[in-house]
Amino acid sequence: MSLWNSIADNIQAAVAQPFAVERHRSVGGGCINSAYRIEGAGQRYFVKMNTASGLEMFEAEADGLRELGAPGALRVPQPVCSGVAGGQAYIVMEDLALGGAGSQTALGQGLAALHRTTAERFGWFRDNTIGSTHQPNEQETDWLEFWRRRRLGYQLQLAERNGAPRSLLSKGEMLLERCEALFGDYRPLPSLLHGDLWSGNYAFTRDGEPAIFDPAVYYGDREADLAMSELFGGFGADFYAAYNEAWPLDAGYRVRKTFYNIYHILNHFNMFGGGYASQADSMMGRVLGELR
């Protein structure tokens, strides 16, 4: 059976109605997975593929999309099915027909509403990925313990294996020891986070609805999502104004956002190498400078 016929059979079983792939075309934009839009019988779906070993990654993504979609705060593509066919792992999801113009205000309000969804512990019920890197989510009741073990500490361990400079690793160790001073009396809630909230992971539907996708879901400090949104730009002033009006950020966010973004820059070093090591080193230096 061909790859597309196997996927079509899985879709048909999942939606309980006839489906056959009549057209499929490649969709650009991803650096980890290949992506396609498929159509048939008046239906349209979005498909991502990777090697067969990527099935667990896609299963975690499907769970993450369900988690993000449940509060109804923002539009999220709902997963249809996943599996392996023709040596390829795949995930099939709703095609949201993106590409419209929308309101940054609505996006900011929707993210604040999403973050109002909370849990009893930090982390999540399963591990997932951040980019192509394993992201451990073992749950903790203490936020800083979670961040030390499952986020910053974990990326530093990977960075050491990947040949990071000793100066970076030393600064990372100091941050792990001293980061509690960044928090004062601030006590974050375990908020539902997208986890990888850069501008490539949001868009507006043709009807103008703000949508988020490609998550690295867990429950954590909402500041971590806001920090990531600032790392590479692409979110408007109206987005931040609307978020702060809906749920004002603590004054300490100014420094903590750099602390949180070290995780993502270390992850980029661990995936791609290059100048990300010096960028992470510089960021660590700035945060440590605030602790003197």
Side-chain angles (χ1 to χ4, degrees), residues 1-15 19-21 23-40 43-69 76-98 124-137 150-151 154-155 158 161-162 193-203 211-218 228 232 263-264 266-274 276:
M1 180 182 294
S2 75
L3 168 67
W4 294 112
N5 286 341
S6 180
I7 292 174
D9 285 350
N10 201 355
I11 293 171
Q12 185 168 277
V15 302
F19 179 76
V21 178
R23 291 173 297 281
H24 61 85
R25 64 183 179 87
S26 178
V27 179
C31 61
I32 296 169
N33 306 299
S34 56
Y36 300 86
R37 181 166 288 110
I38 61 174
E39 299 178 61
Q43 302 167 62
R44 187 178 65 226
Y45 299 100
F46 187 78
V47 182
K48 294 201 295 188
M49 293 186 189
N50 207 308
T51 60
S53 62
L55 178 60
E56 186 175 358
M57 172 181 69
F58 286 148
E59 290 174 341
E61 179 175 356
D63 283 335
L65 292 170
R66 293 185 192 99
E67 193 94 4
L68 287 180
V76 178
Q78 288 305 289
V80 176
C81 60
S82 58
V84 175
Q88 298 278 297
Y90 64 86
I91 179 173
V92 179
M93 65 188 76
E94 174 188 9
D95 185 357
L96 293 184
L98 302 174
W124 200 34
F125 76 96
R126 67 175 299 167
D127 292 354
N128 51 17
T129 56
I130 178 74
S132 58
T133 306
H134 178 75
Q135 180 168 264
N137 288 320
R150 320 300 182 202
R151 294 295 180 265
Y154 181 75
Q155 288 288 344
L158 295 180
R161 292 179 213 161
N162 289 325
L193 304 186
H194 177 282
D196 193 11
L197 193 65
W198 70 289
S199 60
N201 287 344
Y202 88 86
I212 53 175
F213 38 84
D214 290 349
V217 164
Y218 65 101
M228 178 62 170
F232 301 117
Y263 172 69
H264 296 290
L266 282 175
N267 185 49
H268 276 64
F269 168 73
N270 287 319
M271 289 193 296
F272 308 120
Y276 290 112

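When a residue number appears, it is its place in the shown sequence, counting from 1.
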Counting C-beta onward and ignoring hydrogens, is there a side-chain heavy-atom pair between [X] and [Y] closer than 4.5 Å?
X	Y	answer
V21	N5	no
F19	I38	yes
M271	S132	yes
E61	V217	no
H24	R37	no

TODO: Determine, stepwise, if the pair Y154 / H134 fulfils side-chain contact (heavy atoms from CB on, under 4.5 Å).
DONE: CA-CA 10 Å; Y154 181 75; H134 178 75; 3.5 Å; yes
Checking the side chain of [X] only, and the main-chain atoms of [Y] only, is there a donor and an acceptor separated by less than 3.5 Å?
X	Y	answer
N270	N162	no
N267	Y263	no
N10	S82	yes
N137	R126	yes
Q135	A216	yes

Roughly how far, to the nearest 0.5 Å, is the [atom2] atom of [Y] from the [atom1] atom of [X]?
X	Y	atom1	atom2	value
R44	L96	CZ	CG	9.0 Å
D196	T129	CG	OG1	8.5 Å
E39	R25	CD	CZ	7.0 Å
H268	L266	NE2	CG	11.0 Å
M228	N201	CE	CG	7.5 Å
Q43	Q12	CD	CD	9.0 Å

Please find the pair of heavy atoms, one from [X] and one from [Y], that lie closest to each other, and give the distance.
X	Y	value
L3	Q88	CD1-CB, 4.5 Å
V92	I11	CG1-CD1, 3.7 Å
A35	F46	CB-CZ, 3.6 Å
Q78	G69	NE2-CA, 3.9 Å
F58	A89	CE1-O, 3.4 Å
L65	F213	CD2-CA, 4.5 Å

- [ ] Could you tell me whether R151 sits above the aromatic face of Y218, with NZ or CZ closer than 6.0 angstrom to the six-membered ring centre and within 45 degrees of the axis?
- [x] yes
TODO: Applying side-chain contact (heavy atoms from CB on, under 4.5 Å), run through W198 and H264 and close with a yes or a no.
DONE: CA-CA 11 Å; W198 70 289; H264 296 290; over 6 Å; no
TODO: For Y45 and I7, run side-chain contact (heavy atoms from CB on, under 4.5 Å): C-alpha distance rounded to whole Å, both residues' side-chain angles, the deciding distance at 0.1 Å, then the answer.
DONE: CA-CA 11 Å; Y45 299 100; I7 292 174; over 6 Å; no
Open item on the list: For the CD atom on E94, are there more than 12 heavy atoms of other groups (residues, nucleotides or ligands in this structure) within a distance under 6.0 Å?
Closed with: yes
Open item on the list: Students often mix this up, so state it plainly: with edges at 30° and 60°, are the rings of W4 and Y36 parallel, tilted or perpendicular?
Closed with: perpendicular
Open item on the list: Working note: I32 + K48, criterion side-chain contact (heavy atoms from CB on, under 4.5 Å); need CA distance, chi angles, decisive distance, verdict.
Closed with: CA-CA 10 Å; I32 296 169; K48 294 201 295 188; over 6 Å; no
